[in-house]
Protein chains: 2
Amino acid sequence: MSGTRDRLIEATAELFRRQGYHGTGVKQIVETARAPFGSMYHFFPAGKEELGAETIRRSGAIFGQLIGYFYAAGTDPVAATRMFFDAAAQTVHESDYADACPIATVALEVASMSEPLRLATAEVFESWLTTLDTHLVEAGLTKTQARKLSVSLFSLLEGSFILARATRDHTHVRAAGRAAAAAVRTALEKRATRRADPAERFPESRRSPAT
Amino acid sequence: MSGTRDRLIEATAELFRRQGYHGTGVKQIVETARAPFGSMYHFFPAGKEELGAETIRRSGAIFGQLIGYFYAAGTDPVAATRMFFDAAAQTVHESDYADACPIATVALEVASMSEPLRLATAEVFESWLTTLDTHLVEAGLTKTQARKLSVSLFSLLEGSFILARATRDHTHVRAAGRAAAAAVRTALEKRATRRADPAERFPESRRSPAT
DNA sequence: GCCGCACTAGAGCGATCACTCTAGTTGCCC
DNA sequence: GGGCAACTAGAGTGATCGCTCTAGTGCGGC
């Protein structure tokens, strides 16, 4: 078993979150991970980009689990939303505005620079949206309603992270959380209304990808 | 007059928007601007960081004017919101997912790395919020209501930019725009309700900074 | 014991990083 | 037209970039 490989990914994840992809050097990674330089290229022969892709997927999976934990089956989505944003705000604050989204910085940096890394961030974001979708559908929304709401929740979180880190004011995340919770409540109330129309409950049997 | 100085800033702005601060080299900047290398350090003696700060403020001011244009006095804020997000979605799409927020990438990169640059991004974001606040207060909201809504609009825009660039799907920005317009409509409806309570119209004479 | 492989260890590669320095050119003021 | 500041121009600085390469170590299977 290779603890070194894991340490490399963990160190990279922390550095990426704080200073992004191009702001993080390979040397800094191996020093942080207390790993020998040669080991990095043993485990990731394709170099920094391969380690980056792996780190994005790993960080994304962990954050995705966190989302799943808050929105766990049976939890009220409105309360889950409020609690999730409040917890995020607290983390941002306690980490001195370093720890917000683990991959947002990298996602913006690589979007027009590296297709493999861009794809990794896209897959992670898509998985987060799917997790949210699933729980919102469980709460009674149609797939279409759920997806629209998921995109809003994602955007409110990520956007408020940017604002909070730039201004060093974590209350922006809490404010976005209130708006997010309100949006969830409104959507759930609409759901009750729409129940009357059977055609609306199953608007499509299969989702087609966005064009 | 120094067209060279302007060209340097414009080139830097475009490069920052697409590839961020650390992904953009000084050499690449002077080549893009068709400026001699020496001129860069003539106009910006403190180097890349000074040019970066100037670029952030300039890009921010231009984008701020754009916000002001859409929400101009007399315009319905709901319609303005829908139009602004739709226009943003179109720009993102037409630029092949390169042009979204001019400073978001840099803002995340420098938040924990450079205090002067972080401050520049914070000032820009704050000015955008203030612009939105002003127009929303004109539409009848209290300062408190307006600020909360501005933060939501900002977050929905910036967050959906991240998602759109990563997934190469500009419809996310449109979706966030619908949610944003709905939030504005709801806030304006609440305003009518709250008009009945005079204490709510002027909840505070002076805003205290977030703690 | 010892072979073979996974992994460690770090010196050193060319390229590029932000930046400095000197020299030359331009154009306005007197 | 002489003087001077503003600006142009690019060669060259040390440091760092991502990465390659060779040598060595540790350990399980036979």
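Numbered from 1 within each chain, the chains take letters A, B, ... in sequence-line order.
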Seminar exercise, completed: d(B/Met83 CE, B/Gln90 CD) to nearest 0.5 Å is 11.5 Å
Problem set entry | Nucleotide D/dA6, atom P - distance to CZ of B/Phe43 in whole Å | 11 Å
Exercise. Strictly by modelled atom types, are A/Arg165 and B/Ser112 linked by a side-chain donor-acceptor pair under 3.5 Å?
Worked result: yes
For this session: May I have the distance from A/His22 (atom NE2) to D/dG18 (atom P), rounded to whole angstrom?
Result: 9 Å
Exercise. How many Å lie between NZ on B/Lys27 and P on D/dT16, as a whole number?
Worked result: 18 Å
Seminar exercise, completed: What residues 28-41 of chain A contributes to the DNA chain C interface at heavy-atom separation below 4.0 Å is A/Pro36, A/Phe37, A/Gly38, A/Ser39
For this session: Walk me through it: do B/Asp86 and B/Arg174 pass the test side-chain contact (heavy atoms from CB on, under 4.5 Å)?
Result: CA-CA 6 Å; B/Asp86 283 356; B/Arg174 298 178 67 91; 3.8 Å; yes
Exercise. In residues 8-17 of chain A, which residues come under 4.0 Å of DNA chain C by heavy atom?
Worked result: none
Problem set entry | By side chain to side chain contact (heavy atoms under 4.5 Å, CB included) - contacts of A/Ala87 (at least two apart) | A/Phe70
List, one per line, each side-chain donor-acceptor pair under 3.5 Å for residues 36-46 of chain A, sequence neighbours excluded.
none

For this session: Look at atom NZ of A/Lys148 and say whether more than 12 heavy atoms of other residues, nucleotides or ligands are closer to it than 6.0 Å.
Result: no
Exercise. Counting only N and O atoms by type, is there a donor-acceptor contact under 3.5 Å from the side chain of A/Trp128 to the main-chain atoms of A/Ser150?
Worked result: no
For this session: Return the orientation label for the A/Phe125 and A/Phe154 ring planes: parallel under 30°, perpendicular over 60°, tilted otherwise.
Result: perpendicular
Exercise. Considering only side-chain heavy atoms of B/His42, which listed nucleotide, C/dT8, D/dA6, D/dG18, is closest?
Worked result: D/dA6
For this session: State the OG1-CZ distance between B/Thr55 and B/Arg17, to the nearest 0.5 angstrom.
Result: 11.5 Å
Problem set entry | Side-chain (A/Ser95) to main-chain (A/Thr91) donor-acceptor, under 3.5 angstrom | yes
Exercise. With sequence neighbours left out, what residues match B/Tyr71 under ring-ring contact (aromatic ring centres under 6.0 Å, His included)?
Worked result: none
Exercise. Does anything in residues 44-60 of chain A reach DNA chain D, meaning a heavy atom under 4.0 Å, and if so which residues?
Worked result: A/Gly47, A/Lys48
For this session: Ignoring backbone atoms, test whether A/Thr4 places a side-chain nitrogen or oxygen under 4.0 Å from the OP1 or OP2 oxygen of C/dC7.
Result: no
